[in-house]
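Counting from 1, the numbers follow the sequence of the chain as shown. Both ligands and their constituent atoms are indexed starting at 1 by order of listing.
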Amino acid sequence: MTRCDVAILGAGPYGLSAAAHLSTVKGLDVRAFGEPMSFWQSSMPVGMLLRSGWQASHVASPNESLTLDAFKEATYNHFSSPVPLDRFVDYGLWFQRQAVPNLDRRKIVRIESQPKGFGLILEDGETVRAGRVVIAGGISSFAYRPPEFAGLPSSLASHTSEHREFKKFPRKQVLVIGSGQSALESAALLHEAGAEVEIVARAQHIRWLGGLFSRTIHSGFGPKLSQLLYAPTDVGPAGISQIVARPDLVRSFPRPLQDWLRKRSIRPAGARWLVARLQNVPMKLGRSAVSAVPFGERLRVKLDDGSDRTVDHMFLGTGYRVNVTRYEFFSPQLAQSISCFHGYPRLREGFESSVPGLHILGAPAIWSFGPLMQFVVGTHYCSKALLRRIAGKTAGNQIPVAEPLVAEVG
Ligand SMILES: Cc1cc2nc3c(=O)[nH]c(=O)nc-3n(C[C@H](O)[C@H](O)[C@H](O)COP(=O)(O)OP(=O)(O)OC[C@H]3O[C@@H](n4cnc5c(N)ncnc54)[C@H](O)[C@@H]3O)c2cc1C
């Protein structure tokens with residue numbers, strides 16, 4: 001059995017950023033686990049472009065030295081915004097080599113609470129004891145499939161996260177459900193791969209990011225007004241963007257206001273550069289698919305207007321629903337001890353859950369810290385807050401050299 005002060009589960013943007021920050025603390029034994037950038041490599045479509053802008057796509061590093069610009073310069077890469085997925089994955093892997101070279105790529109299969117810390121079991125059976133555990137496990141466990149489509153074979157209906165590429169769909173009839181970025185971008189890529197695509201969405205109209213209002217503010221009134229209304233974090237509409245960029249402020253508001261800000265900031269929407277790519281894709285808006293049954297080798301899908309269509313495949317662009325108790329690596333007893341609201345953990349300062357020493361980062365933290373935490377840009381606030389809590393120091397320009405406040409491992 002090996003021991004460490006802090007174990008980090010996950011090597012996506014949040015886990016890597018947390019590891020990079022905590023490793024700067026002298027005397028703190030930090031171990032990070034997971035396959036780097038695996039969600040971005042396995043669950044996002046080839047050809048995807050990042051929806052977040054350049055400034056909002058840097059993963060936070062100590063001293064902010066490992067930015068997209070630094071990556072471009074160090075590797076002679078040439079790309080700009082919107083950032084292509086494969087360049088972002090390369091950036092994440094470069095970040096890992098620079099800041100977390102000792103990453104342990106093994107999966108953690110079980111975490112349980114123990115006196116004075118946690119016990120972790122790795123995929124090869126090795127056990128590790130840690131004083132604290134930081135969960136940065138992402139959203140892949142939370143892909144949402146509406147119950148009316150449960151039980152359909154994956155050859156006929158699948159979640160958008162199950163597809164990397166669309167080569168097998170030329171001339172196939174494909175129905176895409178949803179009006180968020182994943183649904184719309186999948187529809188565009190399918191269309192470009194030669195599929196006959198139709199989009200069905202409950203929304204009465206598609207909400208495009210960067211609409212006339214925001215473009216007028218950005219270009220028509222000069223940079224001052226634009227900077228006043230929109231924070232560089234790039235999350236949320238005019239004005240609200242500046243509020244949600246400050247998680248400490250968001251946390252000080254009454255709960256109904258926090259909920260409203262969250263909903264207002266992360267509504268289903270598509271990036272503006274998808275408009276032209278979808279102009280020849282039919283959309284049935286204000287309608288829902290209510291049932292789907294196999295029909296020979298195809299699928300018959302019924303809508304709530306009574307119409308039906310028979311298609312080769314149905315893509316569920318139905319998003320993700322956070323419920324941390326669905327993380328398979330938590331022992332049942334530990335999962336039950338985490339105080340949650342509708343699946344979101346109640347987190348206090350330093351992203352610490354109701355279980356002392358257990359920290360949860362990324363999308364599960366949006367209920368406590370606001371919508372920034374759903375995006376890469378949230379790493380800037382999150383890693384500093386985590387560092388403050390664990391090392392008792394702020395992440396400034398100097399490398400903090402503090403006595404760690406971690407629980408002693410038993
Ligand atoms: C289609 C799509 C497009 C998106 N586009 C953007 C965008 O443009 N900009 C943006 O900011 N955000 C975007 N997002 C959101 C994005 O997913 C998050 O910003 C980001 O991935 C959060 O990072 P994370 O580290 O929390 O999670 P992830 O990137 O999902 O990383 C989780 C990590 O945990 C590891 N892990 C999981 N379980 C275990 C285990 N048991 N043991 C060890 N390791 C484990 C995984 O291997 C993985 O490395 C997009 C999401 C989707 C679905």
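Counting the atoms of ligand 1 from 1 in the order shown, those under 4.0 Å from a heavy atom of Gly137 are 32 (C), 34 (O), 37 (C). Of all the atoms in ligand 1, the ones that sit under 4.0 Å from a non-hydrogen atom of Phe329 are 41 (N). Counting the atoms of ligand 1 from 1 in the order shown, those under 4.0 Å from a heavy atom of Ser38 are 46 (C), 47 (O), 48 (C), 49 (O). Annotation for ligand 1: atoms under 4.0 Å from non-hydrogen atoms of Ile108 are 40 (C), 41 (N), 42 (N), 43 (C). Close contacts between ligand 1 and Ala11 involve ligand atoms 33 (C), 34 (O), 49 (O) [criterion: under 4.0 Å to a heavy atom]. Contact atoms of ligand 1 toward Ala136: 32 (C), 33 (C), 34 (O) (distance under 4.0 Å to a heavy atom of the residue). Of all the atoms in ligand 1, the ones that sit under 4.0 Å from a non-hydrogen atom of Gly34 are 43 (C), 44 (N).
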I would like to know whether His380 and Phe375 meet ring-ring contact (aromatic ring centres under 6.0 Å, His included); could you show each step before the answer?
-> CA-CA 10 Å; His380 296 267; Phe375 302 96; over 10 Å; no

Please step through ring-ring contact (aromatic ring centres under 6.0 Å, His included) for the pair Phe315 and Phe169, ending with a clear verdict.
-> CA-CA 12 Å; Phe315 269 71; Phe169 292 103; 5.4 Å; yes

Salt bridge (charged side-chain N to carboxylate O under 4.0 Å, His left out) evaluation trace for Arg51 with Glu185 = CA-CA 10 Å; Arg51 175 180 137 170; Glu185 188 152 34; over 6 Å; no

How far apart are the C-alpha atoms of Phe88 and Tyr91, what are their side-chain angles, what is the distance that settles it, and do they pass the ring-ring contact (aromatic ring centres under 6.0 Å, His included) test?
-> CA-CA 5 Å; Phe88 188 71; Tyr91 164 59; 5.7 Å; yes

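The nearest protein atom to atom 50 (C) of ligand 1, hydrogens excluded, is given as Met44 CE, 3.8 Å; this is a heavy-atom distance. Of the protein's non-hydrogen atoms, the one nearest atom 34 (O) of ligand 1 is Gly10 CA, 3.2 Å. Remark: minimum distance from atom 49 (O) of ligand 1 to any protein heavy atom is reached at Glu35 O, 2.9 Å. The protein non-hydrogen atom at the shortest distance from atom 45 (C) of ligand 1 is Leu9 CD2, 3.7 Å. Protein heavy atom in closest approach to atom 15 (C) of ligand 1: Gln374 O, 3.6 Å. Among protein heavy atoms, atom 7 (C) of ligand 1 sits closest to Ser52 OG, 3.5 Å.
Glu192 has a carboxylate O that lies under 4.0 Å from a charged side-chain N of Arg277, or vice versa, which qualifies the two as a salt bridge. Taking 4.0 Å as the cut-off between side-chain N and carboxylate O, Asp259 and Lys263 do not count as a salt-bridged pair. Comment: Asp90 engages Arg87 in a salt bridge, judged by a side-chain N to carboxylate O separation of less than 4.0 angstrom.
Around atom 20 (C) of ligand 1, the closest heavy atom drawn from Tyr327, Trp40, Phe375, Phe39 belongs to Trp40. Looking at Tyr14, Phe33, Phe330, it is Tyr14 that brings a heavy atom closest to atom 24 (P) of ligand 1.
Under the 30°/60° scheme for interplanar angles, the aromatic rings of Phe329 and Tyr327 are found to lie parallel. His163 and His313 have perpendicular rings, their planes meeting at more than 60° on a 0 to 90° scale where under 30° would count as parallel.
With a heavy-atom cut-off of 4.0 Å, Met48 touches ligand 1 through its side chain alone. Of the heavy atoms in Val376, both backbone and side-chain atoms come closer than 4.0 Å to ligand 1. When heavy-atom distances to ligand 1 are checked against a 4.0 Å cut-off, Lys107 comes that close through both its backbone and its side chain. Of the heavy atoms in Ser182, only side-chain atoms (C-beta onward) come closer than 4.0 Å to ligand 1.
Here the shortest heavy-atom pairing between Leu347 and Ile360 reads CD1-O, 3.3 Å. For Pro13 against Thr379, the heavy-atom pair with the smallest separation is O-CG2, 3.7 Å.
In terms of polar-atom proximity, defined here as any N/O pair under 3.5 Å, Ala363 makes no such contact with ligand 1. The N/O atoms of Leu361, backbone and side chain alike, include none that comes under 3.5 Å of an N/O atom in ligand 1.
A cation-pi arrangement is absent between Arg132 and Phe118, since the terminal nitrogen or guanidinium carbon is not both under 6.0 Å from the aromatic centre and inside a 45° cone about the axis.
With values rounded to the nearest 0.5 angstrom, Ser161 atom OG is found 6.0 Å from Arg145 atom CZ.
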